[in-house]
Amino acid sequence: MNTPHGPGSFVAHTGTDVYGPGKVIGVDGVHRRVRFVRFVATVRARDLRAASPAETREVQEWLRAKKRRYGGEW
């Protein structure tokens, strides 16, 4: 089964950029749990789009910085 925006996918919200880009950390039916650079939210998959290369780099750098600072998995 092909799950759009499955775990590990880099995404952005289709309607607003206030969340910043993010990474999908969980799937529950039509909803995705996303760790955005500003917070974590549950969003319907249809309200997400694939992140651009620049947005993907932004999230990856943010995640690296958090891991360096706090350790663990982000």
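Since the structure is predicted, the reported quantities are computational estimates derived from the model, not experimental observations. Only heavy atoms go into these numbers, but all of them, side chains included; no hydrogens, no water, no symmetry mates.
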- What's the verdict on side chain to side chain contact (heavy atoms under 4.5 Å, CB included) for W62 and R35, showing C-alpha distance, side-chain angles and the deciding distance? CA-CA 11 Å; W62 183 85; R35 180 177 302 281; 3.8 Å; yes
- Message: Could you work out, with side-chain contact (heavy atoms from CB on, under 4.5 Å) as the rule, every residue matching A65, not counting sequence neighbours?
- Response: E61, R68
- Do V18 and V37 belong together in a cluster built from hydrophobic side chains that touch within less than 4.5 Å? no
- Message: Assigning hydrophobic clusters by single linkage (Ile, Leu, Val, Met, Phe, Trp, Tyr; side-chain heavy-atom cutoff under 4.5 Å), is V59 placed with V24?
- Response: no
Using distance only, find each side-chain donor-acceptor pair of residues 42-49 under 3.5 Å and give its atom names and separation, not counting sequence neighbours.
unit_1: T42; atom_1: OG1; unit_2: R33; atom_2: NH1; d: 2.7
unit_1: R49; atom_1: NH1; unit_2: E55; atom_2: OE1; d: 3.0
unit_1: R49; atom_1: NH2; unit_2: E55; atom_2: OE2; d: 2.9

- Message: side chain to side chain contact (heavy atoms under 4.5 Å, CB included) for I25 and V34? Distances and angles first, verdict last.
- Response: CA-CA 6 Å; I25 57 175; V34 181; over 6 Å; no
Kindly give the heavy-atom pair with the smallest separation between [X] and [Y], and that separation in Å.
X   : Y   : answer
A51 : T56 : CB-OG1, 3.6 Å
R38 : G20 : NH1-CA, 3.6 Å
A41 : F36 : CB-CE1, 4.0 Å

- How about P7 and V27: do any of their side-chain heavy atoms sit closer than 4.5 Å? yes
- Task: Under the ring-ring contact (aromatic ring centres under 6.0 Å, His included) rule, collect the residues that match up with F10, sequence neighbours excluded.
- Result: none
- Task: With sequence neighbours excluded, tell me which residues meet ring-ring contact (aromatic ring centres under 6.0 Å, His included) with H5.
- Result: none
- Message: Applying salt bridge (charged side-chain N to carboxylate O under 4.0 Å, His left out), can you list everything that pairs with R69, at least two apart in sequence or on another chain?
- Response: none
- Message: Test your reading of the model: is there a side-chain donor-acceptor pair from R32 to the backbone of P4, 3.5 Å cut-off?
- Response: yes
- Give every residue pair that meets the ring pair (Phe, Tyr, Trp, His ring centres under 6.0 Å) criterion with at least one member in residues 37-59, sequence neighbours excluded. Y19-F39
